[in-house]
Amino acid sequence: MKLKSRATFAASLIAAACMFAAGSAYAGATIFNTAGGAGTSTIALGMNDDGSLNTTVGSVAVNTPGFTGLAYKFPDGSYRDATAPGCQCEGWGVSTSTGAHSGFANVSTDGGPNNLTFAGIVAGVTTAVSSVTLTSLPGLAVTHSAAPSAAAPGALFEVKVKITNSTGGALSDVKYVRVMDWDVPLTEFAEFVTIGGTATTTLLERSHDNGFNTANPLGGDSSIIAATEDVDFVDSGPTDHGAYFRFNFGTIAAGESFEFSIFYGATGTESAAFAAMTAAGIELYSLGQSSPPSGDPTLGTPATFIFGFKGVGGVALPTPGSLALVGLALLGAGALRRRQA
């Protein structure tokens with residue numbers, strides 16, 4: 001079951017204005033994977049001040065109500081988004097058991113930022129940096145720095161995440177959630193979803209297909225399809241679902257930081273997506289693909305959207321064509337075969 005129905009999201013957006021921290025700006029930026037901007041780029045990423053996706057600032061997507069989250073330029077030259085249609089459900093959260101503090105942000109599901117203090121995003125055509133602290137624990141800071149992936153700039157953005165502890169004492173049980181609802185064009189709300197890398201990612205605490213969950217690591221979670229919980233699966237769907245990942249980074253000592261990377265991107269085929277993920281060293285990932293007759297999830301056409309992680313205790317994808325990759329792509333670890341919702 002979804003934690004929220006889409007009917008509640010419009011109300012959540014209206015209520016969001018009342019939930020922002022006093023004195024905090026709430027804006028964002030849409031960035032591109034080339035210096036030429038929308039005219040020459042193949043992908044666009046819309047980031048809010050708080051580090052969540054789906055912003056109205058500089059939005060270029062044609063299939064959303066004025067928002068851009070993760071958009072791919074289709075052959076007709078239009079940017080079509082895979083995280084903003086229907087609801088702006090993409091976000092993140094951080095928590096520590098030291099004092100039971102958490103801060104999180106998700107435009108629709110959580111009504112925007114909660115217990116986060118921030119000033120404004122620093123952005124250019126191809127880069128965006130969001131820096132926040134927990135309002136209740138200012139010594140816990142999180143920075144999200146987005147730019148085209150150096151390894152696969154034509155297909156991926158890399159968001160480097162840095163969690164810093166300047167509280168003066170150790171922070172234990174530090175958790176981080178990233179969650180998204182896939183709404184993949186051209187069949188938004190009826191997509192096939194894949195998750196891979198769960199078995200080898202040691203810092204992963206929880207994963208499944210419910211992109212409508214709160215981004216609060218202390219807020220609980222549930223899957224949409226129970227068979228997607230904490231396993232790899234291939235082409236689950238078609239239905240309206242996404243990806244949820246919760247990590248436990250353990251203890252961060254005073255004055256220390258934990259760093260990892262999140263990747264967002266899109267390609268015209270599934271094989272190109274795996275090539276890009278392999279080049280970037282991605283360890284854990286979700287793919288979103290449209291369903292027939294508008295799309296073919298087996299080939300990943302007309303677009304395969306990518307959401308991945310590196311530096312989270314996993315094993316990088318093997319090179320394309322290896323037996324291990326073929327086994328992962330076709331079977332997965334405890335894979336789901338295609339199923340109807």
Side-chain angles (χ1 to χ4, degrees), residues 1-30 45-57 59 61 64-70 81-96 100-121 128 130-138 140-142 144 159 161 175-183 188-189 210-222 224 240-246 262 307:
M1 292 292 293
K2 298 176 185 178
L3 296 186
K4 289 191 177 183
S5 69
R6 287 187 182 276
T8 66
F9 291 139
S12 297
L13 287 172
I14 294 171
C18 300
M19 299 178 68
F20 299 153
S24 294
Y26 192 69
T30 297
L45 190 74
M47 180 184 287
N48 293 306
D49 285 20
D50 56 33
S52 65
L53 300 192
N54 301 322
T55 184
T56 60
V57 181
S59 178
T64 67
F67 288 85
T68 291
L70 172 59
D81 202 278
T83 66
C87 75
Q88 289 71 60
C89 300
E90 197 285 342
W92 69 277
V94 68
S95 69
T96 174
H101 295 274
S102 69
F104 50 100
N106 189 309
V107 173
S108 291
T109 306
D110 294 313
N114 292 258
N115 196 34
L116 298 177
T117 299
F118 49 92
I121 200 164
S130 162
S131 300
V132 308
T133 59
L134 266 63
T135 306
S136 64
L137 188 66
L140 178 53
V142 183
H144 294 86
V159 181
V161 185
K175 299 185 180 184
Y176 181 96
V177 162
R178 200 83 201 195
V179 57
M180 67 144 70
D181 168 39
W182 282 124
D183 286 321
E188 294 89 342
F189 324 131
N210 194 343
F212 299 100
N213 278 287
T214 176
N216 182 0
L218 304 180
D221 66 276
S222 66
I224 291 176
D240 188 9
H241 54 164
Y244 175 94
F245 297 106
R246 185 174 72 241
I262 304 172
F307 174 38

Might you point out which heavy atoms bring [X] and [Y] nearest each other, and give the distance in Å?
| X | Y | answer |
| --- | --- | --- |
| Asn210 | Tyr244 | O-CB, 3.6 Å |
| Ile121 | Ala128 | CD1-CB, 3.9 Å |
| Glu90 | Met180 | CG-CB, 3.6 Å |
| Thr64 | Ala84 | CG2-CB, 3.6 Å |
| Ala105 | Ala215 | O-CB, 4.0 Å |
| Gln88 | Pro65 | NE2-CG, 4.0 Å |

Supply the atom-to-atom distance [X] [atom1] to [Y] [atom2], rounded to the nearest 0.5 angstrom.
| X | Y | atom1 | atom2 | answer |
| --- | --- | --- | --- | --- |
| Thr133 | Leu116 | OG1 | CG | 8.0 Å |
| Thr83 | Glu188 | OG1 | CD | 11.5 Å |
| Asn106 | Arg178 | CG | CZ | 9.0 Å |
| Phe67 | Cys87 | CZ | SG | 10.5 Å |
| Ser95 | Leu140 | OG | CG | 9.0 Å |

Q. Out of Asp49, Asn54, Asp50, which residue meets the side-chain hydrogen bond (donor to acceptor under 3.5 Å, both in side chains) rule with Ser52?
A.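 Only one of Asp49, Asn54, Asp50 forms a side-chain hydrogen bond (donor to acceptor under 3.5 Å, both in side chains) with Ser52, namely Asp50.
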
Is the shortest side-chain heavy-atom distance between [X] and [Y] below 4.5 Å?
| X | Y | value |
| --- | --- | --- |
| Asn48 | Leu53 | no |
| Tyr176 | Ile262 | yes |
| Trp92 | Val161 | no |
| Trp182 | Leu70 | yes |
| Phe104 | Asn115 | no |
| Leu45 | Val159 | yes |
| Asp240 | Asp181 | yes |

Q | Side chain Asn213, main chain Ser222, donor-acceptor under 3.5 Å | A |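 Yes; at least one donor-acceptor contact below 3.5 Å.
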
(Q) Can you confirm whether the side chains of Thr214 and Asp110 place a donor and an acceptor under 3.5 Å from each other? (A) yes

Q) When Leu134 is tested against each of Asn114, Val94, Thr96 for side-chain contact (heavy atoms from CB on, under 4.5 Å), which residue passes? A) Val94

Q: Could you walk me through whether Thr117 and Thr135 pass the side chain to side chain donor-acceptor pair (under 3.5 Å) test, one step at a time?
A: CA-CA 5 Å; Thr117 299; Thr135 306; 2.8 Å; yes

